[in-house]
Amino acid sequence: MPAEYTNLEKIRLEKLETLKKRGVEPYPTRAQRTHTSRQAVAAFEEAEEKGSVQPVQAIVAGRIRSMRVMGKITFAHIEDGEGRLQLFLRADEIGRDALEIFNRDLDIGDFVQAKGEMFRTKAGEVTLKVQEYRLLAKSITPLPAAKDEVIDGQVVRHTVLADPEMRYRQRYADLAVNPEVRQIFRTRAAIVRALREYLDGLGFLEVETPILQPIYGGAAARPFTTYHNQLKQTLYLRISFELYLKRLLVGNLERVYEIGRDFRNEGVDRTHNPEFTQLEFYCAYADYLQVMEMTEQMIAYVADKVLGKRQFTYQGNTIDVNPPWRRLELRQGLFEVTGIDIQACPTTADLQRAMRERGLPYDPNAPRGKLIDGLIGDYLEPTLVQPTFLYDYPRDISPLAKSKPGDPQTVERFEGFIAGMELCNAFTELNDPLDQEQRFLEMGRDYDAEDEQRHPMDEDYLRAMRYGMPPNGGFGMGIDRLTMLLTDSPNIREVILFPHLREREGE
RNA sequence: GGGCGCGUAGCUCAAUGGCAGAGCAGUGGCCUUUUAAGCCAUUGGCUGAAGGUUCGAGUCCUUCCGCGCUCACCA
């Protein structure tokens with residue numbers, strides 16, 4: 001119950017009472033519809049083209065978005081899931097009482113159903129001439145007003161709901177008045193659909209693995225912790241799917257993927273939300289070079305399906321995802337932007353010295369891998385605007401990736417960047433159980449318990465690997481970030497329906 | 001967590017430290033082809049919260065709450 005109704009809400013509640021007194025049920029149980037707004041217009045235009053004399057009858061339903069009351073006639077627009085349709089109500093047709101109720105007791109925001117005949121107005125707009133209408137749901141709280149004007153075929157919206165806080169906290173209102181927001185989430189669904197199509201087409205099996213995990217792993221992040229009362233067990237919300245999906249490879253499922261939610265107890269900013277959607281796949285007998293090719297093919301496929309083209313604009317940059325993407329060795333890339341050759345700095349002390357010589361700030365407690373990771377983020381990542389695979393990463397920040405033959409310091413790992421944003425991460429997966437155990441031990445030694453780089457030892461995962469894991473290539477990608485790119489959204493919150501916000505006092 | 005900025009009517013926004021306003025929405029009228037309909041009239045505010053400075057605070061100061069940008073942090 002709202003603590004207090006606003007004046008505008010009180011007026012609408014009075015209208016609700018008036019309607020009831022006049023025998024109008026404001027929330028009827030059933031509705032009827034023969035045409036969506038778009039179908040009704042299409043049916044009329046088709047008949048018009050054929051020169052048909054048969055009138056097009058339709059029952060439509062939607063939300064009232066505008067009303068123009070002109071004495072004994074009224075024009076209104078309703079909006080449904082597909083678009084808008086103008087209604088034309090005339091006292092002669094529906095009766096004075098019905099028109100009066102419509103004009104006086106119905107409001108913008110109400111859901112109605114209307115039955116009538118399609119026609120074209122003098123101004124040329126295809127419109128429903130209403131014979132009867134019915135209220136489907138009364139709106140008490142006024143929608144944040146948005147008024148549309150059509151200039152040269154372009155819809156210009158006035159007084160749009162723009163306050164980001166209200167848009168995210170009351171996403172329902174945002175969606176109701178901002179059609180382009182609805183479009184973002186249709187695009188998001190299309191992206192996920194296209195990814196599934198692509199992977200299914202390659203014979204991948206979609207699976208679901210635990211979200212509540214006794215040991216978290218597969219990424220460097222702090223987890224959310226929870227507790228199972230009956231089992232008296234601490235559990236973690238997963239930070240990645242990796243270790244469970246790779247267990248499945250041990251079980252002879254050769255190609256698996258999962259699309260789902262990950263949870264990371266980290267900072268929130270324009271590219272990070274505490275819960276986010278991830279795609280991971282693992283492909284037996286593939287290495288990271290094959291995964292690289294799959295990645296660029298997959299993204300091109302998604303762009304084709306979703307946008308119908310492989311070029312798009314993101315925040316002013318034209319991005320072209322047509323394969324092949326640029327491939328940049330991490331060592332080379334870092335050398336170009338910092339002048340440091342990480343190959344020549346095999347120890348933490350060497351790298352610290354090189355950074356100091358060039359006046360680059362660094363965390364004196366960070367091991368070599370973390371320093372390199374920092375250099376990437378600070379100097380290299382922002383320059384990677386066109387799709388780029390950065391490859392061959394330091395071993396100590398990649399505890400689940402396989403070393404490059406003949407180069408134990410480096411692992412076969414790549415990350416994909418677009419528009420200066422990390423989009424995906426992949427490697428030739430480590431399948432040697434003895435090496436894997438060693439990596440966990442190194443992690444425990446080089447990083448203290450609070451460091452999110454540290455991966456806890458997962459004995460069961462090691463046991464699985466000891467049964468024999470086929471060599472394989474693995475891949476992970478943030479669906480939210482891909483959606484940002486393909487919808488030209490500057491902030492991850494624009495592509496998450498209900499993004500995390502701090503709870504307000506009293507709510 | 002640090003820095004910067006913002007918070008005023010249902011929505012979008014004004015207001016040198018000096019009477020808190022506009023457009024849209026709403027309400028009451030007129031209007032039988034409008035479309036940001038138009039015309040006339042009109043309601044609506046504890047200026048995010050609490051303190052303080054001042055003759056006087058939306059405006060200046062302090063604290064708190066929330067949001068945004070940014071830095072730190074962030075496979």
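Here is the naming used below: chain letters follow the sequence lines, and residue numbers restart at 1 for every chain.
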According to the Watson-Crick and G-U wobble definitions, with both distances under 3.5 Å, which nucleotide is paired to B:rC31?
none
Ignoring hydrogens and geometry beyond distance, is the side chain of A:E266 in donor-acceptor contact with the base of B:rA75 at under 3.5 Å?
no
Contact under 4.0 Å: A:K370 side-chain N or O vs B:rC74 OP1/OP2:
yes
Can you tell me the base-pairing partner of B:rG44? Count Watson-Crick or G-U wobble geometry only, both distances below 3.5 Å, and say none if there is no partner.
none
Given the P atoms of B:rG5 and B:rU47, what is the spacing between them in whole Å?
23 Å
Rounding to a whole Å, what distance do you find between A:R65:CZ and B:rA25:P?
13 Å
Quick one: label A:D163 by what it contacts on the DNA or RNA (base, sugar-phosphate, nothing), any heavy atom closer than 4.0 Å.
sugar-phosphate
A:D392-A:T410 side chain donor-acceptor pair, cut-off 3.5 Å
no
Interatomic distance, A:D378 CG vs B:rU70 P [rounded to whole Å]:
15 Å
Using 0.5 Å steps for rounding, measure from the CD atom of A:E494 to the CG atom of A:D480.
12.5 Å
Scan every strand shown for a Watson-Crick or G-U wobble partner of B:rG66, both distances under 3.5 Å, and answer none if you come up empty.
B:rC6
OP1 or OP2 of B:rU34 versus the side-chain N and O atoms of A:K122: is any pair under 4.0 Å?
no
With sugar-phosphate meaning primed atoms plus P, OP1 and OP2, does A:T121 contact a base, only sugar-phosphate, or nothing at under 4.0 Å between heavy atoms?
base
What's the closest nucleotide to the A:V69 side chain, out of B:rG26, B:rC31, B:rA75?
B:rC31
Given the structure, check if the side chain of A:R413 and the base of B:rA75 hold any donor-acceptor pair shorter than 3.5 Å.
no
Determine yes or no for a side-chain-to-main-chain donor-acceptor pair under 3.5 angstrom, with A:K246 supplying the side chain and A:Y461 the backbone.
no
Test A:D432 against A:K402 for salt bridge (Lys or Arg N to Asp or Glu O under 4.0 Å), laying out the working first.
CA-CA 8 Å; A:D432 174 345; A:K402 206 165 193 171; over 6 Å; no
Apply ring pair (Phe, Tyr, Trp, His ring centres under 6.0 Å) to A:F88 and A:F119, showing your working.
CA-CA 10 Å; A:F88 174 61; A:F119 77 112; 5.6 Å; yes
Cationic N near anionic O, under 4.0 Å, A:R327 to A:E296
yes
Could you give the CZ-to-C1' distance, from A:F75 to B:rU32, as a whole number of Å?
9 Å
Is A:F119 touching bases, backbone alone, or none of the nucleic acid, heavy atoms closer than 4.0 Å?
base
Phosphate OP1/OP2 of B:rG66 contacted by A:R502 side-chain N/O (<4.0 Å)
yes
What contact category does A:I11 fall into here, base, sugar-phosphate, or nothing, at under 4.0 angstrom with non-hydrogen atoms?
sugar-phosphate
Parallel, tilted or perpendicular: which one describes the rings of A:F414 and A:Y288, with boundaries at 30° and 60°?
tilted
Hey, could you give me the CD1/CG distance between A:I376 and A:L371, rounded to the nearest 0.5 Å?
11.0 Å
With both distances kept under 3.5 Å, what pairs with B:rG21, Watson-Crick or G-U wobble?
B:rC13
Give me the distances for all protein-to-nucleotides 41-47 of chain B N/O pairs that come in under 3.5 Å?
none

Quick one: pull up CD1 in A:I73 and NZ in A:K129 and give me the separation to the nearest 0.5 Å.
11.0 Å
Between B:rA75 and B:rC65, how far apart are the C1' atoms? Round to whole Å, please.
34 Å
So which heavy atom on A:E429 is nearest to which on A:G474, and how close?
OE2-CA, 3.0 Å
Quick one: A:M166 CE to B:rC11 C1', roughly how many Å, whole number?
8 Å
Going by purine N1 to pyrimidine N3 plus the second Watson-Crick contact, or the G-U wobble pair, all under 3.5 Å, which nucleotide sits opposite B:rG1?
B:rC71
In whole angstroms, the gap separating C1' of B:rU27 from CG of A:L13 amounts to 16 Å
Looking at A:R68, does any N or O in its side chain come under 4.0 Å of the phosphate oxygens OP1/OP2 on B:rU34?
no
Could you tell me how far apart A:I140 (CD1) and B:rG26 (P) are, to the nearest whole angstrom?
15 Å
Tell me what A:E242 touches on the nucleic acid: a base, only sugar-phosphate, or nothing, going by heavy atoms under 4.0 Å.
nothing
For B:rG7 and B:rA15, measure between their C1' atoms and round to the nearest Å.
16 Å
Round to a whole Å and report the spacing from CZ of A:R167 to P of B:rG66.
21 Å
From the options B:rU32, B:rU70, B:rC67, select the nucleotide whose nearest atom is closest to the side chain of A:L501.
B:rC67
Determine the Euclidean distance between corresponding C1' atoms of B:rU12 and B:rC6; express it in Å to zero decimal places.
15 Å
B:rG56 - base-pair partner by Watson-Crick or wobble geometry, distances under 3.5 Å
none
Side chain of A:E125, base of B:rU33: donor and acceptor closer than 3.5 Å?
no
C1'-based separation of B:rA57 from B:rC19 [nearest Å]:
14 Å
Output yes when at least one side-chain N/O atom of A:R169 is less than 4.0 Å from OP1 or OP2 of B:rC67, else no.
yes
With a 4.0 Å limit, can you tell me whether A:N491 has a side-chain N or O closer than that to the phosphate oxygens OP1/OP2 of B:rC69?
yes
For atom CG of A:D262 and atom P of B:rC74, their distance in whole Å:
18 Å
Compare the minimum distances between each of B:rU33, B:rC73, B:rA37 and the side chain of A:F88, then state the nucleotide with the smallest one.
B:rU33
In whole angstrom, give me the gap between the C1' atoms of B:rG18 and B:rG56.
7 Å
Answer for the Watson-Crick or wobble partner of B:rG51, both distances under 3.5 Å, is B:rC61
Considering only heavy side-chain atoms of A:M70, the closest of B:rC11, B:rA25, B:rU34 is B:rU34
